[in-house]
There are 2 protein chains.
Amino acid sequence: MIQDRELYSFFEQGEKLYQRGLSIDSVIFGFHDNQLKVLLTKLKNIDFWAVAGGFVYKNEHVDAAAIRILKERTGLSDIFLQQFYVFGDPNRSDKKFHIDRMKKVGWNFTKDYWLLQRFITVGYYALVEFSHVNPKPDSMSDSCDWHDIHELPDLIMDHEQILKKALEVLRTQLKYQPVGYNLLPKKFTMPELQKLYETILDKKLDRRNFQRKMLGYGILKRLEKRREGGAHKAPYLYSFDLRKYHKALKEGLHGEW
Amino acid sequence: MIQDRELYSFFEQGEKLYQRGLSIDSVIFGFHDNQLKVLLTKLKNIDFWAVAGGFVYKNEHVDAAAIRILKERTGLSDIFLQQFYVFGDPNRSDKKFHIDRMKKVGWNFTKDYWLLQRFITVGYYALVEFSHVNPKPDSMSDSCDWHDIHELPDLIMDHEQILKKALEVLRTQLKYQPVGYNLLPKKFTMPELQKLYETILDKKLDRRNFQRKMLGYGILKRLEKRREGGAHKAPYLYSFDLRKYHKALKEGLHGEW
DNA sequence: TTATTATTGTGTCATGACAACACATTAAGC
DNA sequence: GCTTAATGTGTTGTCATGACACAATAATAA
């Protein structure tokens, strides 16, 4: 089976390709149907899911590895991607999980095989535009899909903790930095932007105050009228003023929600 | 020479004791003479300094290692200590530095010796009470002292970058979280607290507005009058209300500077 | 065609945080 | 007792924010 050959090859090559004891786990967030989604991969031979992870090549910058992995899973580059935490529990790895999989593909390993040793993982989180993503599983997974953050399947090892922490950091960041450029299409309406904020914060916001505040940041440009397909009054379309947006990204916003 | 024997022993034992390719660097901040200080160690056999660093034992939690190293350098535990970044450049290590030192103490190494391989480091920063610290150098250093952050000596490898990043994060944190409990003595005056903020932010603040704002957080308790040694009017003494302080640490403050 | 209904655009008002600033109070040194 | 320099306390105008009202628009039902 071709997939298992891929996995076998990973077991065979990994030790000499990758930096030992170091992995990357990226929590990739998207927004769709008014819901905050996370990209998860379904692992082969086991009924568990994982956030987008991978390893660091021996001569590769850790941040570069995160960018590469994001690109491999989504096809996207030039994306908001940020370190948020290092998970360094000596017992965070699940050896049994690796052993089962190696046995299944017939890979002969020794007790000191690299994958069975201690790993620490650097957590990243990414914000991507849902519709631009073309999810691709890696050699260790047989599918890669979006999941609502309120309906998560069983996650491997400490990935639930990683995801929760990423979400916490995202919520904190949202208060001080503009978010949206990476999560929404180029043109969007104010209600859509508001839904995004409400979803991330898990909180209702006042429509009028929200608009006043967002416009107050001066990072939005108002365009012509909306695609008038929707019922009721057609809302304006907006896009981000990239120059001011990036300025705000650096300098931060003000106030809280 | 006893110190060199220590260093030799480190070269000898390190490989089997420590997790490979992983180090910790803690930027330890203190406040004294109205200046923000950093604890630096002077490395043996070379005219460079380093922030408080160390390695992680093979079965030790990364955060636990940071706590241990902080304790080894300062004698303190139960201190504000926080991860802030992972430095993952594949070329951040300076092999020549290690080679020189190994040659000096007469340690015979091979080309694949652990210290000569790639290291990534997890950056932590700590806030400590200056007067409580009893600086102790480690086996790789021959002294350990406080330095004003405006008068830094030459730092090894990427330690200047690490320090700068820590400072940046500290400044950002200061806006949203209370700082001071760990940097000031139990009892302090409002002008002292203000000086601390002014020093970290590198910015003059209005005396009256500062007081109003700090008191507004409700994390301070006013005590009796000041040690009346100083000239002029004696200011009140304050201490932190620990319960409310820790609540504010979790929930964050509000507003900016 | 007209009324209904849901949604968006825009505005008002009271509250509270904050920056800028004034004046009284206290302690040390002359 | 007077000067000086620092601290304790209060005032005012501005601005961001939360709570809320009303008009405008577009699809649907009558």
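Keep in mind the model is a prediction, meaning the values are calculated, not measured. Chain letters run A, B, ... following the sequence lines, proteins first and then strands; every chain starts at 1.
Side-chain atoms of B:L39 and B:C144, non-hydrogen and from C-beta on, do get closer than 4.5 Å to each other. Contact of the A:K165 side chain with the A:F87 side chain is registered, since non-hydrogen atoms from C-beta on lie closer than 4.5 Å. The closest side-chain heavy-atom distance from A:D154 to A:W49 is not below 4.5 Å.
Protein atom CZ of A:R207 is 14 Å distant from nucleotide atom P of C:dA6, rounded to whole Å. What separates CG of B:L193 from C1' of D:dT7 is a distance of 15 Å, to the nearest Å. In this entry the distance linking CG of B:L215 with P of C:dA17 reads 13 Å, nearest Å. In this structure, B:Y238 atom OH and D:dT7 atom P are separated by 12 Å, rounded to whole Å. One can place OH of B:Y217 at 14 Å from C1' of C:dG16, the figure rounded to the nearest angstrom. The CD atom of A:Q211 sits 15 Å away from the C1' atom of D:dT17 (whole-angstrom rounding). The CZ-C1' distance, from A:F210 to C:dT8, rounds to 14 Å in whole Å. In this structure, CG of B:D206 is placed 13 Å from C1' of D:dT9, rounded to the nearest angstrom.
Positionally, the nearest nucleotide of DNA chain C for A:M190 lies more toward the 5' end than for the other of B:H232 and A:M190.
Salt bridge A:E168/A:K164: absent, no basic N to carboxylate O contact under 4.0 Å. The pair A:E72-A:R68 counts as a salt bridge, with a side-chain nitrogen and a carboxylate oxygen less than 4.0 angstrom apart.
Checking D:dT17, C:dT7, C:dT25 against every side-chain atom of B:K233, the shortest atom distance belongs to C:dT25. Considering only the side chain of B:N209, C:dA19 comes nearest among C:dT8, C:dA19, C:dA22. Among D:dC20, D:dT17, C:dG9, the nucleotide with an atom closest to any side-chain atom of A:R222 is C:dG9. Looking at the side chain of A:P191, the nearest of the listed nucleotides C:dT8, D:dC20, D:dA26 is C:dT8.
Between B:Y125 and B:Y85, the gap from one ring centroid to the other reaches at least 6.0 Å.
Other residues, nucleotides and ligands contribute more than 12 heavy atoms inside 6.0 Å of the NZ atom of A:K42.
For the helix from C:dT1-D:dA30 to C:dC30-D:dG1, the angle separating the two terminal helix axes comes to 10°, with each axis derived from five pairs and the value rounded to 10°.
The base of C:dA19 sits with one of its N or O atoms less than 3.5 Å from a complementary donor or acceptor on the side chain of B:R212.
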